[in-house]
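One structure below.
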Amino acid sequence: MSAQAAQVAPVAPAARTLLVSEMFGPTVQGEGPSAGRRCGFLRLGGCNLHCSWCDTPYTWDWQGQSDTGIAYDAGAELTVVDVETVVASVLAMRVDLLVVTGGEPLRQQRRLLPVVDMLAREGVGIEVETNGTIEPHGDLVRPGVRFNVSPKLAHASDPLRRRIRPAALHALNHTPDVAFKFVCRDPGDLEEVAGLVAEFGLRPVWIMPEGRSPEVLQQRLTWLADAVVDRGWNLSTRLHVIAWGDKRGA
Ligand code: SF4
């Protein structure tokens with residue numbers, strides 16, 4: 001499909017619905033502080049950034065802007081799902097953690113609130129994976145909800161004013177359960193991370209290699225590990241890539 005013939009994403013028509021890319025589980029969280037923890041995944045559609053190396057372009061890229069060059073069909077990729085169906089699907093997975101990711105899930109955060117409410121009553125915690133450009137709704141900042149914030153560096157391609165939003169970073173940094181996870185390609189990226197960490201007082205910091213194969217992850221982990229530890233930060237791999245490769249829905 002050409003850029004001129006871009007698909008229009010479906011719009012969730014009612015307040016108690018979400019625009020969903022995919023749901024899957026039980027599986028394990030592959031990244032960050034909860035890596036290895038059994039969980040379910042809810043991947044929401046749409047994103048306000050256009051990272052060149054995005055590993056989920058099928059959630060937002062209707063014009064072939066990412067490195068894949070593929071223009072996905074929004075009508076085929078995204079589905080409007082009511083919140084009761086989402087909750088029932090999660091409970092059927094028998095997990096005590098739901099990872100809400102995207103795309104950029106905070107674009108639908110008001111619609112997400114009933115899901116969080118219902119799952120909290122069932123003892124299911126939430127991790128929201130966000131790119132750090134949208135301020136969290138006050139009702140989403142609560143016990144049992146962690147924000148895994150992944151501000152994007154220059155190599156992601158979007159201009160600075162789009163990918164670094166000071167008010168959103170400040171608000172997220174003051175939520176009670178937060179981690180900042182930066183995707184890096186080589187030790188040179190760590191200097192850019194250090195600048196953001198110092199400017200916004202971000203903590204705790206996790207560094208994760210960019211890579212969609214076990215071989216690339218291994219190589220970049222080796223490059224990054226000592227420098228990350230020296231800076232007093234944490235290191236994450238991508239367990240799901242090691243276990244299942246670059247397979248969608250794993
Ligand atoms: S913020 Fe995340 S989902 Fe959005 S384009 Fe970047 S990597 Fe992809």
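Numbering of ligands and ligand atoms starts at 1, following listing order. Values in this document were obtained by computation on a predicted structure and should not be read as measured data.
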Can you classify the ring geometry of Phe24 versus Phe41 as parallel (below 30°), tilted (30 to 60°) or perpendicular (above 60°)? parallel
Asp55 side, atom CG; His240 side, atom NE2 - distance, nearest 0.5 Å: 6.5 Å
Give the minimum heavy-atom separation between Gly46 and Leu78, together with the two atoms involved. N-CD1, 4.4 Å
What one should report as the nearest heavy-atom pair of Leu190 and Trp233 is O-CH2, 3.8 Å
Nearby protein N/O/S atoms (those under 2.8 Å) for atom 8 (Fe) of ligand 1, with water ignored: Cys54 SG
Output the list of atoms in ligand 1 that are nearer than 4.0 Å to some heavy atom of Lys152, sorted by atom number. 1 (S), 6 (Fe), 7 (S)
For His170, does the NE2 atom have more than 12 heavy-atom neighbours from other residues, nucleotides or ligands under 6.0 Å away? no
Would the number of heavy atoms belonging to other residues, nucleotides or ligands and lying under 6.0 Å from CZ of Arg94 be above 12? no
